[in-house]
Amino acid sequence: KLKKEGYDWYTSRSLIGGADIIVIKYSVNDKTLFQEIKDSYVPMIKKALNHCSIPVIISAIGARKNLPCTCPLCTSDRGSCVTTSEGLQLAKEFGATYLELHALNDFYIQKYFGGVLEYFMIQSLNQKSSEKMKKRKKNQKRHRVQPPQLEQPEKLPILKGEASHYDSDLHNLLFCCQCTDVAFYSEDFSKVVEAHKVILCSVSQVFMLLFNVKSPADVHDSSVVRTAQSLFAVDTGAELPVPRGSAEPSPPARVIVKDSVFCSCLLDILHFIYSGACQWERLEEDIKKKLKDSEKTEHVLEKVKCILKTPGKLNNLRDGSSHQIKQLYNTSLRLFFNTPVLADVIFTIQGATVPAHRAVLVARCEVMAAMFNGNYLEANSILVPVYGVSKDTFLSFLEYLYTDSCCPASILQAMSLLICAEMYQVMRLQHICELYIITQLQSMPSRELATTSLSIVSLLKKAKFHNSDCLSTWLLHFIATNYLIFSQKPEFQDLSVEERNFVEMHRWPSNMYLKQLAEYRNYIHSQKCHCAVM
């Protein structure tokens with residue numbers, strides 16, 4: 001009918017698109033008509049179905065006159081009638097339902113065709129109803145008031161730690177020659193170099209024996225005793241007793257180096273020891289250049305290895321690498337922390353005394369270097385009073401100077417140590433305390449932060465007063481990020497106008513978000529529907 005009436009493609013597509021169901025029927029005894037449907041109508045309908053989804057029924061009408069074989073695959077009746085297999089193939093191309101009706105009477109239409117047609121019509125109506133419902137819900141969702149979006153809080157400032165300069169501090173001590181208490185001489189009594197007993201004793205039991213820190217009975221390795229006796233001799237006549245509290249420092253101890261070859265390389269060896277004793281290859285190279293003799297070089301290096309030996313590590317030293325050498329002795333000054341052994345200064349604090357060593361203090365702290373070497377009273381005094389810090393805090397400060405590490409027990413202790421570090425201008429210790437405070441605060445859950453008695457505003461005031469700019473900036477951001485917690489605390493009122501303005505500007509969540517959230521809650525309440533946020 002479409003072809004006869006001259007419908008173009010667009011008109012045909014419009015008619016097919018408006019249909020609820022498509023029925024293609026043909027007579028099983030008219031193969032010419034079936035072929036015409038297959039060649040002309042089927043391509044047009046398939047093209048139209050690409051733009052819409054409509055159920056299709058293919059109906060084969062009539063009874064075949066030549067009684068074909070009942071097998072669907074039989075081809076004996078192909079010449080005069082349309083076979084069942086041809087009809088099934090056409091239905092397969094459409095994805096359609098295939099029906100065979102012997103006649104278009106009430107019985108067959110009601111029994112076969114009517115049921116299938118009713119099913120497809122119901123499915124089509126359900127599909128259209130579902131599409132309308134989806135469209136309606138989509139329009140309702142489009143017009144519904146959306147909950148406000150909570151923006152992410154500002155990222156807190158990142159504090160970078162300062163690299164350790166522990167080894168370089170001690171190495172520079174050898175160059176500056178401050179607070180030296182031992183002088184090495186060659187066998188002809190010419191001075192070679194001055195050094196510090198506490199540094200030498202921290203790396204070798206040979207020097208502990210030499211300066212009476214240990215007795216031969218305390219050393220279980222006989223090779224250590226032999227090395228000390230064969231290499232060095234202390235000129236006891238040079239040391240004179242000095243009364244306690246005297247303003248005159250005792251003269252350096254005189255040590256004679258018995259081995260002339262070893263004595264010629266002593267300055268290089270001391271550079272190696274003062275720099276952390278970790279550059280063994282460089283020491284080998286320097287001694288080779290100086291001596292230009294492999295046997296003498298090996299002799300000196302063996303003496304150095306003997307000096308650096310520790311109990312229980314007597315073997316495998318001959319082929320030791322720099323890493324192995326460093327593991328065989330302790331370069332840390334922890335052994336002499338808070339002990340009167342070799343101490344040449346005593347701090348008095350809160351009625352207690354704390355012994356220390358000027359060489360370590362001068363090397364690690366510029367303020368103390370100026371104090372002990374300038375025109376100050378402390379330069380010529382053994383007893384030095386300390387004010388403004390507690391004994392525990394000052395001990396933690398000295399422990400850092402001796403060991404290059406500190407472990408505060410709490411945020412308040414870290415703040416006290418930070419104040420002490422600022423007082424003596426030890427910037428790396430100040431940064432360590434800042435990082436500790438920040439790490440502890442960041443690890444606090446919101447509930448603990450809301451109930452803690454620790455005053456963050458008080459920490460902020462102290463950080464500002466003691467020039468800890470990084471920490472004070474971070475604490476301001478921390479208060480702003482946790483605005484809902486801190487704004488309810490009484491200490492919030494102690495913020496200055498400038499600090500309050502900063503917090504209000506960077507607060508999270510923002511005031512605008514809270515207003516939008518209140519409006520959204522009112523809307524949800526007025527609509528009497530479930531809140532998507534709350």
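We use all heavy atoms of the structure for the numbers below, so side chains are in, but hydrogens, waters and symmetry mates are not. It should be emphasised that the depicted structure is a prediction, and the values quoted were computed from it without experimental measurement.
- The distance between the ring centers of F397 and Y424 falls below 6.0 angstrom.
- Summarising the geometry of Y402 relative to F336, their closest heavy-atom pair is CE2-O, 3.7 Å, with the distance given to 0.1 Å.
- Using a 4.0 Å cut-off between charged nitrogen and carboxylate oxygen, E399 and R334 count as a salt-bridge pair.
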**Report entry** side chain to side chain contact (heavy atoms under 4.5 Å, CB included) between I24 and I37, intermediate numbers included
**Finding:** CA-CA 9 Å; I24 300 174; I37 291 172; 3.8 Å; yes
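- Inter-residue side-chain proximity for L514 and R507 is flagged as met; some heavy-atom pair is nearer than 4.5 Å.
- In this structure a side-chain-to-backbone donor-acceptor pair under 3.5 Å is missing from N482 to I485.
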Enumerate, atom names and distances included, each donor-acceptor pair closer than 3.5 Å involving a side-chain atom of residues 434-442, sequence neighbours excluded.
| unit_1 | atom_1 | unit_2 | atom_2 | d |
| --- | --- | --- | --- | --- |
| E434 | OE2 | S468 | OG | 2.2 |
| Y436 | OH | P408 | O | 3.2 |
| T439 | OG1 | L435 | O | 2.7 |

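- Atom NE2 of H171 sits about 11.0 Å away from atom CD1 of I273, to the nearest 0.5 Å.
- Ring planes of F272 and W280: perpendicular class, angle over 60° (limits at 30 and 60°).
- If you take CG on L88 and CD on E93, they are separated by 11.5 Å, rounding to the nearest 0.5 Å.
- Residues Y166 and R364 have side chains that never bring a donor and an acceptor to within less than 3.5 angstrom of each other.
- Minimum heavy-atom separation, C81 to N29: CB-OD1, 3.9 Å.
- Heavy atoms of other residues, nucleotides or ligands lying less than 6.0 angstrom from CD of Q35 number more than 12.
- The six-membered or imidazole ring of W508 lies away from that of Y513, with a centre-to-centre distance of 6.0 Å or more.
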Query raised in the report: Are L495 and V503 close enough, and set up right, to give a side chain to side chain contact (heavy atoms under 4.5 Å, CB included), and what steps lead you there?
Result: CA-CA 9 Å; L495 292 172; V503 170; 4.3 Å; yes
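- Using modelled atom types, one side-chain atom of E491 and one backbone atom of V457 make a donor-acceptor pair closer than 3.5 Å.
- Within the structure, ring pair (Phe, Tyr, Trp, His ring centres under 6.0 Å) contacts touching residues 437-477 (residues at least two apart or in different chains) are W474-F478, H477-F502, H477-H506.
- Inter-residue side-chain proximity for L173 and V360 is flagged as unmet; no heavy-atom pair is nearer than 4.5 Å.
- You'll find the side chain of L475 reaches within 4.5 Å of the side chain of L459, heavy atoms only.
- Taking every heavy atom of both residues into account, T481 and E154 meet most closely at OG1-O, 4.3 Å.
- The structure places NZ of K462 at 14.5 Å from OG of S472, a figure rounded to the nearest 0.5 Å.
- The minimum heavy-atom distance between V203 and L308, with the atom names listed, is O-CD2, 4.1 Å.
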Query raised in the report: Under the salt bridge (charged side-chain N to carboxylate O under 4.0 Å, His left out) criterion, do E36 and K31 qualify, and how do the steps go?
Result: CA-CA 9 Å; E36 184 180 357; K31 195 159 187 177; over 6 Å; no
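- With rounding to the nearest 0.5 Å, the separation of CG in L454 from CG in L449 is 9.0 Å.
- Note that OG1 of T473 is 9.0 Å distant from CG of L460, once rounded to the nearest 0.5 Å.
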**Report entry** side chain to side chain contact (heavy atoms under 4.5 Å, CB included) between F337 and Y400, worked out
**Finding:** CA-CA 10 Å; F337 166 64; Y400 168 79; over 6 Å; no
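- Side chain of Q493 to main chain of P490: no donor-acceptor pair is present (N/O by atom type, distance under 3.5 Å, no hydrogens or angles).
- Of the possible polar contacts, none joining the Q425 side chain to the E366 backbone as a donor-acceptor pair under 3.5 Å is found.
- Proximity of L418 to L471: side-chain heavy atoms (C-beta onward) are separated by under 4.5 Å at one or more points.
- A distance-only check finds a donor-acceptor pair linking the side chain of S275 to the backbone of H271 [under 3.5 Å].
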Query raised in the report: Under the salt bridge (charged side-chain N to carboxylate O under 4.0 Å, His left out) criterion, do R500 and E504 qualify, and how do the steps go?
Result: CA-CA 6 Å; R500 182 78 65 87; E504 291 293 343; 5.4 Å; no
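- Scanning for ring-ring contact (aromatic ring centres under 6.0 Å, His included) contacts around Y26 gives F34, with sequence neighbours left out.
- In this structure, D494 does not pair ionically with K461, as no charged nitrogen and carboxylate oxygen lie closer than 4.0 Å.
- Distance CD/E519 to CD1/I524: 12.5 Å, rounded to 0.5 Å.
- Y98 and A60 make their closest contact through OH-CB, 3.6 Å (heavy atoms, listed as atom of the first residue, atom of the second, distance).
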Query raised in the report: Can V56 and T97 be said to form a side chain to side chain contact (heavy atoms under 4.5 Å, CB included), step by step?
Result: CA-CA 7 Å; V56 179; T97 299; over 6 Å; no
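- For K288 against T297, the heavy-atom pair with the smallest separation is CG-CG2, 3.6 Å.
- Taking the side chain as every heavy atom from C-beta outward, P509 and L484 approach each other to under 4.5 Å.
- With hydrogens and angles disregarded, no donor-acceptor distance shorter than 3.5 Å links the side chain of S416 to the backbone of T393.
- Salt bridge present: R428 and D404 bring a charged side-chain N and a carboxylate O closer than 4.0 Å.
- Electrostatic pairing of E284 and K289 does not count as a salt bridge here, judged by no charged N lying under 4.0 Å from a carboxylate O.
- When side chains are defined from C-beta on, F492 counts as touching I479, because their heavy atoms get closer than 4.5 Å.
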